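This one's a predicted model, so the numbers in the text were calculated from it and none came from an experiment. Side-chain atoms are counted along with the backbone in the values below, which use heavy atoms only and exclude waters and symmetry mates. Every chain is numbered from 1 and lettered A, B, ... according to where its sequence line falls, protein lines coming before strand lines.
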Protein chains: 2
Amino acid sequence: MSVDAQPRRRDAERTRAELLDVATEEFAERGYSGARVDEIANRTRTTKRMIYYYFGGKEQLYLAVLERAYAEIRAAEQAVDVEHLDPVAALRRLAEVTFDHHEAHPAFIKLVGVENAQHAKHMNHVARLVDLNSSAVDLLHGVLDRGRRDGVFRDGVDALDVHMLISSFCFFRVANRHTFGALFDRDLLDPARRTFYRTMLGDLVTGYLQEV
Amino acid sequence: MSVDAQPRRRDAERTRAELLDVATEEFAERGYSGARVDEIANRTRTTKRMIYYYFGGKEQLYLAVLERAYAEIRAAEQAVDVEHLDPVAALRRLAEVTFDHHEAHPAFIKLVGVENAQHAKHMNHVARLVDLNSSAVDLLHGVLDRGRRDGVFRDGVDALDVHMLISSFCFFRVANRHTFGALFDRDLLDPARRTFYRTMLGDLVTGYLQEV
DNA sequence: TAACTAACGTACCAGTTAGTACATTGACGG
DNA sequence: CCGTCAATGTACTAACTGGTACGTTAGTTA
């Protein structure tokens, strides 16, 4: 049947990774209950049997997908060098990195939505995610502190609230793109408006930190 | 079997409404594919048969749920009297109404997420939603115009972008409550922080409209 | 009060889906 | 080159799930 009847090659790592890649797309696109293990398997070069062999079941596969997705985004954030920038520029930079990452990883955004739809019940089983994420806020905290000492930022602003502000803006733009587009006929991801929204976010955040 | 073997009462409107209510919860909680028609029916005083009798099927029931949810939120928004407030206060008021509504209607927020997960493909079949929603932005547009004439708001700010800003903040707080709580150990819906976030949103929006 | 119909209930079916029993094969150590 | 086992493939199944055929009943009207 198959034209390229390649002799079966064995590569545990590749099979595992391939399953994770396809499962990420599938869970992001169809949600947890909407995703089909058969469909995931069919889109790889291996079979459904391997999902159970490597992960144990649909739920554990989902968990592995979630864990890897979060690990990736936090790794990207950690790569940002913010020390050599003045506080205002550093804050803008952090906002922009989040902005860019959300735009570049829609599957991750969707997974966040999927996990929230399930009240984040799986996430609690992935304790190490907490460490990863708190480091993201630590970075922000440092910048705000520095800005306060320099007198360019006001007092009493919590880093976590700033993080929430940035995330909410970036998240909404990607996650609710479709209903927003349907209701208001505006594509929030239109490349022509990208720079504008990126700047708008920076203005918002720095503006908030400098309000009287 | 049934203790209260009440003689069967017939009430088409009530049966329909009950199905809609339960279906709203079910679709919001479990998503479109996660929701079960049997489960919806079991949680009402009627049977699955009635879903097909009144709505035609699972998909049409979902559509009816979506339509009603949107109609309700827009009706609430229209009730806001904004004319007698000065532009800054009016803007704050609009933001607060959105804030309150998001908090009071988590099921609606979840439905928005569910619909986006499906690329808003159902929403396009509900054309009249567009009218409802554009009126929400018209209100905002009027306030911004008035503020510009009074010289308290700067030029070049689009009402739809302000609407997006307000929505993103309110939406994130409700929709991503669970992952945010799991990762950062902060409940965004904690009543003790409610006033703070409500004020923060007002500060953000008015601050953005007054930036240099 | 008989006839009629909207409203409702029951029992079932066909297709789907997560999961598994069991057979097979490739690669590697000795 | 052979034994061994990790890795893989095939063929199922039990449970679920949306949908429906068909019968029944409450309320209304002639």
Side-chain angles (χ1 to χ4, degrees), chain A residues 1-66 114 118 121-122, chain B residues 1-66 114 118 121-122:
Chain A
M1 199 58 158
S2 58
V3 180
D4 54 337
Q6 299 176 358
R8 197 167 69 199
R9 290 274 168 239
R10 298 191 163 190
D11 189 338
E13 272 317 299
R14 207 196 43 141
T15 301
R16 233 187 100 95
E18 200 176 341
L19 281 171
L20 268 182
D21 288 342
V22 174
T24 298
E25 289 303 316
E26 188 74 5
F27 281 121
E29 202 51 46
R30 319 211 186 265
Y32 178 75
S33 58
R36 302 284 168 246
V37 271
D38 280 303
E39 176 65 17
I40 293 172
N42 288 340
R43 285 169 55 186
T44 66
R45 273 168 292 186
T46 182
T47 63
K48 180 167 63 160
R49 179 68 182 78
M50 293 300 97
I51 290 175
Y52 294 89
Y53 184 72
Y54 284 112
F55 299 97
K58 183 180 183 179
E59 187 162 5
Q60 293 97 315
L61 175 60
Y62 170 77
L63 213 77
V65 163
L66 196 69
V114 170
Q118 298 172 89
K121 71 174 173 184
H122 296 98
Chain B
M1 200 57 160
S2 59
V3 180
D4 54 339
Q6 299 176 359
R8 197 168 68 198
R9 291 270 168 242
R10 298 191 164 191
D11 189 338
E13 271 318 299
R14 207 195 44 138
T15 301
R16 232 188 99 96
E18 200 175 341
L19 281 171
L20 268 182
D21 288 342
V22 174
T24 298
E25 288 303 316
E26 189 73 5
F27 280 122
E29 201 53 45
R30 316 209 189 268
Y32 179 75
S33 58
R36 300 285 168 244
V37 272
D38 280 302
E39 176 66 17
I40 293 173
N42 287 340
R43 285 169 55 185
T44 66
R45 272 168 293 186
T46 183
T47 63
K48 179 167 66 161
R49 179 68 182 79
M50 292 300 98
I51 289 174
Y52 295 89
Y53 184 72
Y54 284 112
F55 299 96
K58 183 181 184 179
E59 187 162 3
Q60 292 97 316
L61 175 60
Y62 170 76
L63 213 76
V65 162
L66 196 69
V114 169
Q118 297 171 90
K121 71 174 174 184
H122 295 98

Query - Rounded distance [0.5 Å steps], OG1 in A:T44 versus CD1 in A:I40 - result: 9.0 Å
Requested in this report: Could you list the residues that satisfy ring pair (Phe, Tyr, Trp, His ring centres under 6.0 Å) with B:Y52, not counting sequence neighbours?
Outcome: none
Report task. For A:F55 and D:dT8, give me the distance from atom CZ to atom P, rounded to whole Å. Result -> 12 Å
Query raised in the report: Does A:T47 place a side-chain N or O at less than 4.0 Å from the phosphate oxygens OP1/OP2 of D:dT10?
Result: no
Query raised in the report: Can you check the B:R45 CZ to C:dA7 C1' distance for me, whole Å?
Result: 15 Å
Query raised in the report: Using a cut-off of 4.0 Å between protein heavy atoms and nucleotide atoms, how would you tag nucleotides 17-22 of chain C 5' to 3' with B, S and -?
Result: SBBBBB
Report summary line: Here the side-chain hydrogen bond (donor to acceptor under 3.5 Å, both in side chains) pairs for residues 22-32 of chain A, sequence neighbours left out, are A:E26-A:R30, A:E26-A:R43, A:E29-A:K110, A:E29-B:H119
Query raised in the report: Counting only side-chain N and O atoms of A:Y53, is one of them less than 4.0 Å from OP1 or OP2 of D:dG9?
Result: no
Report task. Give the rounded distance in Å between these two atoms: CD of B:E13 and P of D:dG27. Result -> 16 Å
**Report entry** A:K58 versus A:S33, closest heavy-atom pair with distance
**Finding:** NZ-O, 3.7 Å
**Report entry** Whole-Å gap separating C1' (C:dC8) and CD1 (B:I51)
**Finding:** 13 Å
Query raised in the report: For B:T15 and C:dC8, is the shortest distance between a side-chain N/O and OP1 or OP2 below 4.0 Å?
Result: yes
Report task. Any chance you could measure A:R14, atom CZ, to A:L19, atom CG, to the nearest 0.5 Å? Result -> 10.5 Å
Report task. Give the rounded distance in Å between these two atoms: CG of B:N42 and P of C:dG9. Result -> 12 Å
Requested in this report: Work out which heavy atom in B:A23 is nearest to a heavy atom in B:V65; give both atom names and the distance.
Outcome: CB-CG2, 3.7 Å
Query raised in the report: Can a side chain N or O of B:T46 be found less than 4.0 Å away from OP1 or OP2 on C:dA7?
Result: no
Query raised in the report: Expressed in angstrom and rounded to an integer, what is the separation of A:D11 atom CG from D:dA6 atom P?
Result: 17 Å
